[in-house]
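Single-structure report; data block below.
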Amino acid sequence: MNILASLRYLVSLSEHQHFGRAAQACHITQPALSNALRALESEFGVVIVKRTRQYAGLTAEGERVLVTARRMLREHELLQQDLESEADRPRGTLRIGAVPTAMPIVARFAARLQALYPGIRPVVLSLSSPEIENGLEALSLDLGLGYTDRLGRNPAVQALPQYTEHYFLVRRSPLRPPPGTLGLQRGQAISWLAAAELPLCLLTPDMHNRTIVDSAFALAGAEVKPVIETNSILTLSLSVVAGEVCAVLPGALVGAARGYGELEALPLISPEVQTPIGFMLTQAERPSRALEAALALARQPSWLAHAAQHSGAPAAGA
C-alpha cells in the first residue's frame, strides 16, 4: 500500500464530501479510492469512514487520522520543494485562495510571482471568506487573499496588508463619451442614499462583500432590494453592460472593467467605506520555498504600489 497516496485520497474525500468527486479529483476510479481507504483502515486497525449508501462523514478515529494526514502531506510537500529547489530558484506548487472581488489583484500577483520564479506553479482559486479560512486551517491553502477584518484575534492566522478596497457605482453613462475617450469613464461622486434609488445588481447575501455593501446602505439610512442578485462576479459586471441596471463594485473590479467605454464609475460617498484586504496564512514553523518567495513579493514596495494602483478607480491611461 502507498500510504501517502491513501492519505491523499482521505484528504480529498474530506474536501469533496463525495466518493465519486474525490476519486475524480485524484484521477482514479471510485472503487480504487474505496479500496485504498479500506487498506488504510486495515493498516491502523480502526474504521475511518462512516459507510452508508452515500458518504456520511468520518468517524472520530477518522478525524484524528485526517489531521495527521494533512500534516504528513504538508511535510512531504515541504521536503519535495527543498530537494527540488536551488538557493535562488524555488520550485513547487503554491495554493492561493482569494475572495471573488480580489481576483483581479491576485491574478496580477500570481503572474508576477511566476515570472520572477518560473519554477513556482501558482494555483489560484476563487473562494468565499469561510472557504479561505477553512482551507488555511486544513492546510489545503498556502495563502488567502481577502477581508482581514474577519480574522478578529485568531492567533493562528497572520495577516499581511495589501491594499484598501473602495467602492463605486458602475452604470451605463447617460452621455456619449467625448471623442478620443478610451475605456470606462470616471464620474462625479454619488451618495449611497442616492444609489439606493437606482435598479441594482448586487452579490448574494451569503458573500461578505454584500454584508459590507448592505452596512453602507444602512448607515446612509437606506434599505436596498436589488433587482438582480448573483454570486458571480462576471454576471455582476456584465449585467450592467447588457442591461439597464447599476452595480456596486470594488475598485479592483472597476479596473478590470475599464475596457467598456460605455460605462462610468462613480465613487460612493456618505459614508466613505474603506475595507482592508490582505494576504492571510497560518503561523507555520517553516513555510515552503514557494511560500517564502510569495511572502517576499507581497512585502515589496513596488508590488504594493502596483496593487494600490489597480485597486481603485482606473486612472487615465492606466
Side-chain angles (χ1 to χ4, degrees), residues 1-85 90-98 119-144 146 154-158 280-292 294:
M1 177 183 67
N2 185 332
I3 191 166
L4 279 177
S6 298
L7 293 176
R8 190 171 289 109
Y9 301 157
L10 175 62
V11 170
S12 181
L13 180 61
S14 173
E15 291 176 352
H16 293 278
Q17 302 287 298
H18 188 274
F19 285 102
R21 290 194 293 270
Q24 186 177 19
C26 295
H27 306 290
I28 60 172
T29 65
Q30 183 172 329
L33 182 138
S34 296
N35 290 337
L37 294 178
R38 290 187 187 278
L40 200 61
E41 291 176 325
S42 178
E43 174 73 19
F44 292 119
V46 296
V47 176
I48 294 175
V49 181
K50 297 177 183 176
R51 287 183 173 84
T52 61
R53 295 185 66 180
Q54 296 180 336
Y55 175 73
L58 303 180
T59 64
E61 293 81 4
E63 292 290 349
R64 292 166 62 186
V65 175
L66 177 65
V67 171
T68 299
R70 286 169 171 159
R71 290 175 180 167
M72 289 181 65
L73 291 172
R74 178 176 175 79
E75 287 298 320
H76 178 264
E77 173 71 16
L78 290 175
L79 177 59
Q80 193 168 42
Q81 288 195 19
D82 280 341
L83 295 175
E84 293 178 351
S85 301
R91 303 182 62 86
T93 300
L94 184 76
R95 295 169 292 272
I96 309 174
I120 294 179
R121 185 173 68 93
V123 176
V124 180
L125 304 173
S126 177
L127 301 172
S128 67
S129 294
E131 286 173 331
I132 291 174
E133 293 158 15
N134 292 338
L136 291 172
E137 182 180 354
L139 303 179
S140 60
L141 292 176
D142 299 297
L143 273 178
N154 186 346
V157 178
Q158 173 187 352
M280 295 165 282
L281 66 153
T282 53
Q283 298 278 20
E285 291 185 3
R286 60 185 184 107
S288 68
R289 295 293 303 278
L291 181 55
E292 284 180 340

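- For the pairing with Asp142, the side chain to side chain contact (heavy atoms under 4.5 Å, CB included) check across Ile96, Thr93, Leu94 returns one residue only, Leu94.
- Using a distance-only test at 3.5 Å, with no hydrogens or angles considered, a donor-acceptor pair links the side chain of Thr59 to the main chain of Val47.
- Taking all atoms of both residues into account, the shortest heavy-atom contact from Leu143 to Ala294 is CD1-CB, 4.0 Å.
- A search for side chain to side chain contact (heavy atoms under 4.5 Å, CB included) contacts involving Ser12 returns His16, Ala22, Ala25, Cys26, not counting sequence neighbours.
- Of all non-hydrogen atoms in Leu58 and Lys50, the two that sit nearest each other are O-CE, 3.2 Å.
- For the pair Glu77/Leu73, no side-chain contact is recorded, criterion being any heavy-atom separation below 4.5 Å from C-beta on.
- Atom CG of Leu40 is separated from atom CD1 of Ile48 by 4.0 Å, given to the nearest 0.5 angstrom.
- Sorted by first and then second residue, the side chain to side chain donor-acceptor pair (under 3.5 Å) pairs with a member in residues 19-42 read Glu41-Arg51; sequence neighbours excluded.
- A heavy-atom distance below 4.5 Å is found between the side chains of Ser140 and Glu15.
- Checked by atom type and distance alone, the side chain of Arg70 never pairs as donor or acceptor with a backbone atom of Val11 at under 3.5 Å.
- Under the ring-ring contact (aromatic ring centres under 6.0 Å, His included) criterion, the residue pairs touching residues 33-69 are Phe19-Tyr55, with sequence neighbours excluded.
- Residue Glu137 qualifies as open at atom CD: its count of foreign heavy atoms under 6.0 Å is 12 or below.
- With rounding to the nearest 0.5 Å, the separation of CG in Asn2 from CZ in Arg8 is 7.5 Å.
- Atom CG of Leu125 is separated from atom CD of Glu131 by 9.5 Å, given to the nearest 0.5 angstrom.
- Looking at heavy atoms from C-beta onward, Tyr9 lies in side-chain contact with Ile28 at the 4.5 angstrom threshold.
- Within the model, atoms CD of Gln158 and CG of Leu281 stand 4.5 Å from one another, a figure rounded to the nearest 0.5 Å.
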